[in-house]
Protein chains: 2
Amino acid sequence: MHLTNDCRAVSDVLQRVGDKWTVLVVSKLGGGPLRFNELRNTIGGISQKMLTTTLRGLERDGFVTRTVFPTIPPRVDYELTDLGRELLVPVQALGDWALKNIDRVNASRERFDAERGP
Amino acid sequence: MHLTNDCRAVSDVLQRVGDKWTVLVVSKLGGGPLRFNELRNTIGGISQKMLTTTLRGLERDGFVTRTVFPTIPPRVDYELTDLGRELLVPVQALGDWALKNIDRVNASRERFDAERGP
DNA sequence: CGGCATCCGTGGCGATACTG
DNA sequence: CAGTATCGCCACGGATGCCG
């Protein structure tokens, strides 16, 4: 494989991780399988369209499984795959780092914005 | 601080990491300070506008410093801060994971797309 | 050399309404 | 309940041209 392609591939995965809802969805699923509206409610603020889109992307990449129960009313469970649980490890590490250092980042932002004052 | 706010804060940092060029820029700067066009050339494919925007964002967040040498022609060095170097640790871990597992992800994508055939 | 200003196309994302 | 369909906004990102 080529080095440049590697960079693109890595960027590709990182952008999936970086999109607006993926990390929240994956981390919620880290506690075990959830139904569509259970996810929707525990996350809060996400539209059904974006939850569907996010879950389809995660399913396509092999991070979650989608299980349909043909009952009435219908029921759909989402669960992390092994790959998804493996992904959770470095993602949580990054998340923990972000949580520990968010204050430093915010402080830097305020300083930066203050110097660019009106 | 509130739990929901924590999630937002983490998302905030993750989205910065996930945007198109940030990780590439930070990893290039991991090898030491670079000038604007040095960065531009080693990355390849990035417009000056996006490089400027990316660097401003990183500077605002406290991940890089910007040093101007008032010479002719002008010279500007960019360098990782301590915070930037710390960020590099979990980011590289995620990058390494992505590189190791990109084949599994691509295989899953092809399978998924194949089932949704013409 | 290292920007900033401007224009513009694409796509992410939300709101709303409808369906199996 | 768990979607699909449609619309519209606007932020992201590329291309180009000018400036200190």
Side-chain angles (χ1 to χ4, degrees), chain A residues 4 7-8 11-26 28-29 33-61 64-79 109 112-113 115-116, chain B residues 7-8 11-26 28-29 33-61 64-79 109 112 115-116:
Chain A
T4 304
C7 287
R8 302 300 163 187
S11 270
D12 197 31
V13 174
L14 292 200
Q15 274 187 265
R16 176 156 289 298
V17 167
D19 76 23
K20 196 169 181 182
W21 300 107
T22 291
V23 169
L24 267 67
V25 169
V26 170
K28 295 296 180 186
L29 288 177
L34 289 172
R35 301 178 59 175
F36 187 87
N37 275 343
E38 285 175 341
L39 263 173
R40 186 152 157 55
N41 293 330
T42 58
I43 289 177
I46 188 174
S47 64
Q48 69 280 60
K49 178 188 177 181
M50 285 317 298
L51 183 52
T52 300
T53 304
T54 302
L55 286 169
R56 284 292 178 285
L58 288 171
E59 188 192 0
R60 188 172 103 99
D61 288 1
V64 306
T65 57
R66 178 173 179 271
T67 311
V68 182
F69 300 90
T71 57
I72 293 179
R75 167 189 179 135
V76 180
D77 276 18
Y78 291 93
E79 186 174 12
R109 286 181 182 175
F112 186 92
D113 294 342
E115 288 168 9
R116 291 248 159 170
Chain B
C7 287
R8 302 299 165 188
S11 270
D12 198 30
V13 174
L14 292 201
Q15 273 187 265
R16 176 156 290 298
V17 167
D19 76 21
K20 196 168 181 181
W21 300 106
T22 291
V23 169
L24 266 70
V25 170
V26 170
K28 296 294 181 187
L29 288 176
L34 289 172
R35 301 178 60 175
F36 187 86
N37 276 343
E38 286 175 341
L39 263 174
R40 185 151 158 55
N41 294 330
T42 58
I43 290 178
I46 188 174
S47 63
Q48 336 139 287
K49 178 189 179 182
M50 285 318 298
L51 183 52
T52 301
T53 304
T54 302
L55 286 168
R56 283 293 176 286
L58 288 171
E59 188 192 1
R60 189 171 102 99
D61 288 1
V64 306
T65 57
R66 179 173 180 271
T67 311
V68 181
F69 300 89
T71 58
I72 294 179
R75 167 192 179 133
V76 181
D77 277 17
Y78 291 93
E79 187 174 12
R109 285 182 182 174
F112 186 91
E115 288 168 9
R116 291 242 160 174

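In the text below, chain A, chain B and the rest are named by the order of the sequence lines, each starting its count at 1.
Residues A/Val17 and A/Thr22 fail the side-chain proximity criterion, which asks for heavy atoms closer than 4.5 Å. A heavy-atom distance below 4.5 Å is found between the side chains of B/Val26 and B/Leu58. Under the 4.5 Å side-chain criterion, counting only non-hydrogen atoms from C-beta, A/Thr67 is not in contact with A/Glu79.
Atom CD in B/Gln15 sits 8.0 Å away from atom CG in A/Asp19 (nearest 0.5 Å). The line from CG of A/Leu14 to CZ of A/Arg16 is 12.0 Å long, rounded to the nearest 0.5 Å. Separation of atoms CG (B/Leu29) and CG (B/Leu39) is listed at 4.5 Å; rounding is to 0.5 Å. Rounded to the nearest 0.5 Å, atoms CG (B/Asn41) and CD1 (B/Ile46) are 11.5 Å apart. With rounding to the nearest 0.5 Å, the separation of CZ in A/Arg56 from CG in A/Asp61 is 13.5 Å.
For DNA chain D, the span of nucleotides reached by chain A at under 4.0 Å from its heavy atoms goes, 5' to 3', from D/dC1 to D/dC7. The footprint of chain B on DNA chain C, defined by a heavy-atom cutoff below 4.0 Å, extends from C/dC1 to C/dC7.
In terms of heavy atoms, A/Phe69 sits closest to A/Asp77 at CE1-CG, 3.7 Å. Closest heavy-atom contact between B/Leu51 and B/Val25: CD1-CG2, 4.0 Å. Summarising the geometry of B/Thr71 relative to B/Arg75, their closest heavy-atom pair is OG1-N, 4.0 Å, with the distance given to 0.1 Å. Annotation for A/Ile43 and A/Trp21: closest pair CG2-CZ3, 4.0 Å, computed over non-hydrogen atoms. Nearest approach of B/Phe36 to B/Gln48, heavy atoms of both residues: CZ-O, 3.9 Å. Listed here is the closest heavy atom pair of B/Lys20 and A/Ser11: O-OG, 4.2 Å.
Each of A/Arg66 and A/Gln15 was matched to the nucleotide of DNA chain D holding its nearest heavy atom; the match closer to the 5' end belongs to A/Arg66.
For the helix from C/dC1-D/dG20 to C/dG20-D/dC1, the terminal axes (five pairs an end, C1' atoms, rotation from four pairs onto the next four) enclose an angle of 50°, given to 10 degrees.
Of the residues in residues 70-79 of chain B, those lying under 4.0 Å from DNA chain D by heavy-atom distance are B/Pro74. Taking a 4.0 Å limit (strictly below) on heavy-atom distances, residues 48-58 of chain B reaches DNA chain C at B/Gln48, B/Lys49, B/Thr52, B/Arg56.
The side chain to side chain donor-acceptor pair (under 3.5 Å) search around A/Arg60 returns B/Asp113, not counting sequence neighbours.
Within 4.0 Å of A/Arg40, counting heavy atoms only, lies no atom of the nucleic acid at all.
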